[in-house]
Amino acid sequence: MFRNGLIILSQPVSVLRPQVPRLLDHIASVISETAYILVQPAVRTSAAWHPTALLSPLPCTTEMQSFVTDVYMQSSSHCQNLDIRILLNHITNKAGLTRPAYTLRQHLDVLISDTNWFAERWAADSASLLPILKECFCERSVSGASLVVRSWDEGQQFDEDELDQKSKSARLTLTSYDHVVCGGTFDRFHNGHRLLLTQCCLICDKELLVGITDKDMNNKKLLNELIQPIAERIAVIKDFVTDIKPGISLDTVPILDVYGPTTIRPNLDCLVVSKETARGATIVNTARKEKGFRPMEIVEIGLVEDSCRAPEEEEKVSSSSQRRRLLGQLLHPLTPKPHLASKPYRIGVTGGIASGKSNVCFELEKLGAKIINCDRLGHKAYEKGTQAYTAVLQEFGSHLVTEKGEIDRAQLGQIVFSDKSKLEKLNSIVWPEILRLVEEEIQQFATECVPVVVLEAAVLLEAGWDHSVHEVWTTFVPRDEAISRICERNKLSQEEAARRVDAQLTNKQRIAKANVVICPLWEYEYTRKQILKAWDLLQQRLPDSSAPVNSSL
Ligand SMILES: CC(=O)SCCNC(=O)CCNC(=O)[C@H](O)C(C)(C)COP(=O)(O)OP(=O)(O)OC[C@H]1O[C@@H](n2cnc3c(N)ncnc32)[C@H](O)[C@@H]1OP(=O)(O)O
């Protein structure tokens with residue numbers, strides 16, 4: 001298996017199209033990460049090896065457009081996880097246009113061609129072929145020592161002349177435009193995004209403008225808390241477009257409403273939309289007309305199906321399905337914590353008020369973890385006779401003492417939850433003591449050879465205890481859902497509930513520091529499913545995973 005490869009296809013596109021599923025299967029069996037596809041019939045007819053053979057201009061036709069669609073539509077069922085990039089820089093209808101060579105982002109490990117000619121030439125004289133490949137695909141992408149050259153089978157036999165006649169009607173020239181625009185969330189970049197951007201690049205001669213949803217545009221989306229930061233989404237788009245068509249300029253802008261830049265930039269010629277957003281295209285063109293801008297041509301592309309979807313997911317490949325799949329998975333890589341003993345392995349479970357932490361811990365306990373409830377230890381921390389007891393009374397007054405001589409937590413809670421500085425004072429007294437009690441319990445579990453200990457701590461991140469656990473897992477539900485749960489559970493008004501939620505870290509702040517996220521927004525069984533997944537995946541990364549604790553109860 002090779003990580004990245006270039007597939008040079010020399011057969012006419014009409015011959016290639018029916019072979020796409022076979023081709024994708026072959027690519028998936030050889031390449032694991034990025035597969036560049038270069039369609040170049042000139043290499044079959046070219047007598048001499050020359051860069052012009054690889055990069056000579058190819059007409060931009062409706063047939064090529066269909067080939068691009070076929071590749072992405074079928075990649076979902078043939079090579080779902082491969083990053084396929086169809087190179088388009090040499091495909092143009094502009095006579096005399098010289099475009100720069102490719103500067104591929106990935107280093108090529110394998111070159112596969114559908115003509116044996118390549119492999120034979122490489123075997124005979126790689127020294128003279130190598131500089132040509134470097135010239136076409138950039139120095140750093142191709143290094144001679146490690147590049148493997150292989151042939152895919154020669155494909156079907158075809159009669160060039162006969163084919164030419166037959167497919168003339170299918171080879172209609174595709175209209176291209178100087179200024180093309182498209183928009184989207186571009187979260188968790190997938191084949192739907194690749195198809196959209198590839199179709200944009202195919203018909204774009206000068207500038208591609210990509211609008212990327214931001215802020216309010218994202219807030220209503222499912223699991224929006226997991227949407228990647230806009231800078232990350234832009235970086236992925238740049239990487240992709242620069243790879244497939246370095247000859248055009250790319251501009252990216254955040255969009256805060258459906259119009260984005262379309263009602264600001266008069267020079268836009270063509271808007272590319274998916275079936276899903278086609279309605280928005282009419283709205284945008286109406287708004288342009290009102291501003292005196294000429295309407296844009298609208299190009300509509302199909303939706304890529306998601307062949308691996310779960311019953312609760314959408315039929316098309318979608319970012320929200322991808323985000324659902326992140327639940328229970330390792331979202332952020334682990335930070336090494338050499339200061340912690342490797343056993344027992346410590347998971348800190350945190351989460352906002354009413355976000356379902358306790359249920360997660362309840363399920364984890366059934367799976368074999370031992371739970372340390374930090375609220376309980378918090379109460380123990382200032383029991384009568386302890387140092388913290390004296391410190392709390394000194395700070396908050398002896399009127400808090402009940403008839404039994406204990407601290408009245410209900411009263412203390414009223415004081416600290418309505419005054420941030422007082423809560424901070426209480427925290428500074430009790431957190432060190434709670435942590436000491438936590439360590440005591442962990443030591444006890446260590447003597448009992450417990451493999452996994454879970455610290456259930458509401459304010460784990462605020463207390464900086466992420467340094468005291470190997471992993472942080474957080475639960476979250478959307479803000480509105482948390483408010484309605486609190487209203488029902490604690491019999492509070494909407495305003496009071498909102499105040500409680502807003503006094504805490506936001507979901508995004510917690511998620512940014514969490515290794516695993518669980519979202520108990522749907523039926524309990526789905527939450528349980530996420531927890532089982534998280535537990536099973538955890539077993540694979542436990543320091544001693546030779547004796548896994550299986551989730552099948
Ligand atoms: C780092 C940690 O997470 S340690 C665990 C949390 N405990 C602490 O921080 C110690 C300080 N807190 C306390 O002493 C007590 O919670 C008091 C006095 C404020 C209130 O006591 P009680 O009325 O018995 O309420 P209880 O301890 O059950 O806490 C009520 C809620 O406030 C949360 N809470 C507790 N302490 C804090 C805090 N310092 N900051 C924010 N929320 C807190 C609890 O997790 C609980 O949340 P839930 O309703 O979603 O389960």
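Both ligands and their constituent atoms are indexed starting at 1 by order of listing.
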Residue pair T262 / L268: nearest heavy atoms and the distance that separates them: CA-CD1, 3.8 Å
So the atoms of ligand 1 within less than 4.0 Å of a heavy atom of W431 turn out to be 1 (C), 8 (C), 9 (O)
Is E456 salt-bridged to K357, cutoff N-O under 4.0 Å? no
Can you find a protein heavy atom closer to atom 5 (C) of ligand 1 than 4.0 Å? yes
Is the closest heavy atom of G378 to ligand 1 under 4.0 Å? no
So, for atom 16 (O) of ligand 1, does the protein have a heavy atom nearer than 4.0 Å? no
Are S493 and E496 linked by a side-chain donor-acceptor pair shorter than 3.5 Å? yes
May I ask you to decide if the ring planes of W522 and Y526 are parallel, tilted or perpendicular, using 30° and 60° as cut-offs? perpendicular
If you measure every N/O of Y382 against every N/O of ligand 1, is any gap under 3.5 Å? yes
Under-4.0 Å salt bridge between D83 and R105: no
Atom indices of ligand 1, in the order listed, that fall short of 4.0 Å to a heavy atom of R409: 18 (C), 21 (O), 22 (P), 23 (O), 24 (O)
With a 4.0 Å heavy-atom cut-off (strictly under), which part of T350 contacts ligand 1: side chain, backbone, both or neither? neither
Using every non-hydrogen atom in the two residues, find where A381 and I434 come nearest and quote the distance to one decimal. CB-CG1, 4.0 Å
re atom 39 (N) of ligand 1, the protein heavy-atom contact at minimum distance is N427 OD1, 2.8 Å
Can you confirm, on distance only, whether ligand 1 has an N/O atom lying under 3.5 Å from any N/O atom belonging to V459? yes
Enumerate the atoms of ligand 1 whose separation from the nearest heavy atom of A463 is less than 4.0 angstrom. 1 (C)
Heavy-atom contacts with A457 under 4.0 Å: which atoms of ligand 1 show up? List them by number with element. 2 (C), 3 (O)
Ligand 1 versus L423, non-hydrogen atoms closer than 4.0 Å: side chain, backbone, both, neither? side chain
Just need the protein heavy atom nearest to atom 12 (N) of ligand 1, so name the residue and atom and give the distance. L426 CD2, 4.1 Å
Pair N218, T213: side-chain N/O donor-acceptor within cut-off below 3.5 Å: yes
Note the single closest protein heavy atom to atom 47 (O) of ligand 1, along with its residue, its atom name and the distance in Å. D375 OD2, 4.4 Å
Counting only heavy atoms on the protein side, is anything nearer than 4.0 Å to atom 29 (O) of ligand 1? no
Per-atom contacts of ligand 1 with V416, taking only distances under 4.0 Å to non-hydrogen atoms: 19 (C)
Plane angle bin for H339 and H467 - parallel if under 30°, tilted between 30 and 60°, otherwise perpendicular: tilted
Taking only Lys NZ, Arg NE, NH1 and NH2, and the carboxylate oxygens of Asp or Glu, determine whether R376 and E441 approach each other closer than 4.0 Å. yes
Part of R489 with heavy atoms under 4.0 Å of ligand 1, whether side chain, backbone, both or neither: side chain
Atoms in ligand 1 with a heavy atom of C374 nearer than 4.0 Å: 4 (S), 5 (C)
Tell me whether the count of non-hydrogen atoms from other residues, nucleotides or ligands lying under 6.0 Å of NZ in K425 goes above 12. no
Salt bridge present between E488 and R485 (N-O < 4.0 angstrom): no
Any non-hydrogen side-chain atom of Q329 less than 4.5 Å from a side-chain atom of L537? yes
Protein heavy-atom partner closest to atom 36 (N) of ligand 1 - residue, atom, separation in Å: F417 CZ, 4.4 Å
If we number the atoms of ligand 1 from 1 as shown, the ones under 4.0 Å from a heavy atom of H379 are 24 (O), 26 (P), 27 (O)
Please tell me whether Y389 and E433 have a donor and an acceptor in their side chains that are separated by less than 3.5 angstrom. no
Under-4.0 Å heavy-atom contact with ligand 1, by part of V430 that carries it: side chain
